[in-house]
Amino acid sequence: MKTAILGPAQRAEALARMAERELDILVVGGGVVGAGTALDAATRGLSTGLVEARDWASGTSSRSSKLIHGGLRYLEMLDFALVREALKERGLLLERLAPHLVKPVPFLYPLQRKGWERWYAGSGVALYDAMSVSSGHGRGLPVHRHLSQKRALRVAPCLKRDALVGALQYYDAQMDDARYVATMVRTAAAYGAQVANRARVVGFLREGERVVGVRVEDVEGGGDYEIRAQQIVNATGVWTDDTQALIGERGQFHVRASKGIHLVVPKDRIHSSTGLILRTEKSVLFVIPWGRHWIVGTTDTDWDLDKAHPAASSADIDYLLEHVNEVLATPLTRDDVEGVYAGLRPLLAGESDATSKLSREHTVAHPLPGLVVVAGGKYTTYRVMAKDAVDEAVHGLDQRVADCVTEDVPLVGAEGYKALWNARARIAARTGLHVARIEHLLNRYGSLTEELLELVVADPSLGEPLAHADDYLRAEAVYACTHEGARHLDDVLTRRTRISIETFDRGARSAREVAELIAPALGWDDDQIEKEIAHYQKRVEAERESQRQPDDLTADAARLGAPDIVPL
């Protein structure tokens, strides 16, 4: 399969091609569900388009807990079908679809009461493991184990001795959510989908009752396009209701936004060889290994303010620190926090007033001829959501269409990954890079690592690490723009890499080096470089200011103090 390149020229060509002739399916929304839907449609042989108003995964799909999991707590709610489905998907992603991006991760669940709690929690985790194996795709993960207090403290010395009487350890999986989406978009493009980010739908085209297309504004170039398709799929997540409003029709269901915030702290602040899962009065709290860092999250509160830039308030940060410090021998403080990010879950409304009890299941509807809406769900089950959306859209196509095949379609970079991993020492010797650098690249790009190494061969300076974010090579910033569709400095620092949450300066000190690296690929002059840097610095300061505010209203107002996008 030829690997698709998502550079500036390919984006412009994709927009022009989508406007040339009617597509079978056009997907609106470039998050995990939209990208998955485009991949599903393209691999069924359908002419497919995908448009996204901002950057790929710029909404919910880059701001999750970065877990691929069955949802252990849903077993307690007796939602066995949802857990079984998610565990099957977890196994597929680990074993077949994206082994280069999705990795096992251990979690420790501290037990606080002797006797019944070990039996109760142990039964749940045992059922979780059994359902995973019975799915046919769960044999690659270790099974859970019971630990005494002494053994648990050996595994997680960070815990207070009086915070547990013993523990359970089990496994789930994790990924870089934004990288996963960008890789899936490239996979869809490799199978023939036309894809364009920074292409905002501003209206729908109708003929009588039927929806026949969309009007798209090229946010970068300023042009307008009419893109026609036999079926439009609205996969805009928390913007579902807003997108439906462009049609002038009330939806068959509504989506509410629940805000979840996460903190990122350095690895040395929490001494543990395993992640943690802790109960709170409302939900659960995760402490998740993340390279040289930990992610601590999450909250679950109603949000009805700006959807593009949900803000974390001082109260949100205090909530997480207070709860995690209940079990840590050495408490975390504000000074330990490197990064903070907030995301919005798209929850199907109508079941309860409390967002923590709204449905994590998804719904697909066909409210008008030519229009399919998919909403709700979990990151882990995106592929099932995409399949259901395309199955529904196929009913409106006047042709015979093949069944879904994405269960057997690995993402680009997966094929050959394991062989390259086995040869990582040899690749390091050949390239002159340390084997740890090769491992880093393989776990971010898989077999596409060879494309990135070609950039280093052409310009050896790109094999050096970024000065103020040395986890990443300079080549990765360039590759983000030449191959992965990044259009702005913010795209590179926030989503193609995670520098914006992995450094205490939030990426501010890396801004100039990265902007100057990517300028040639994006055709920037000196003036545009300065605009990009200034925009990013304002975004960082607006986020910092919002995190000093006491509540959602004041945090939202502070975050909106930075403009959304840099005009070219």
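- With Gln169 as the partner, the side chain to side chain contact (heavy atoms under 4.5 Å, CB included) test is satisfied by one option alone out of Ile277, Val143, Val155: Val155.
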Side chain to side chain donor-acceptor pair (under 3.5 Å) assessment of Gln174 paired with Trp290: CA-CA 9 Å; Gln174 70 176 167; Trp290 181 254; over 6 Å; no
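- Here CZ of Arg506 is found 4.5 Å from CZ of Arg544. Values are rounded to the nearest 0.5 Å.
- Sequence neighbours left out, the pairs with a member in residues 323-336 that pass salt bridge (charged side-chain N to carboxylate O under 4.0 Å, His left out) are Arg269-Asp336, Asp318-Arg334.
- Not less than 6.0 angstrom separates the ring centroid of His488 from the ring centroid of Tyr536.
- Between the side chains of His262 and Ser65, a donor-acceptor pair is found at a separation under 3.5 Å.
- A salt bridge is defined here as a Lys NZ or Arg NE, NH1 or NH2 lying under 4.0 Å from an Asp or Glu carboxylate O, and Asp490 with Arg54 fails to meet this definition.
- By the salt bridge (charged side-chain N to carboxylate O under 4.0 Å, His left out) test, Glu513 is found to be paired with Arg474, residues two or more places apart in sequence or in another chain being considered.
- Paired with Lys259 under the rule side chain to side chain donor-acceptor pair (under 3.5 Å), one option of Asp300, Asp552, Thr299, Thr298 passes, and it is Asp552.
- Of the possible donor and acceptor atoms, none in the side chain of Thr280 sits under 3.5 Å from a partner among the backbone N and O of Leu285.
- Listed by chain and number, the residues in a side chain to side chain contact (heavy atoms under 4.5 Å, CB included) with Ser123 are Trp119 (sequence neighbours excluded).
- Between Tyr417 and Trp421, the two ring planes are tilted [angle within 30° to 60°].
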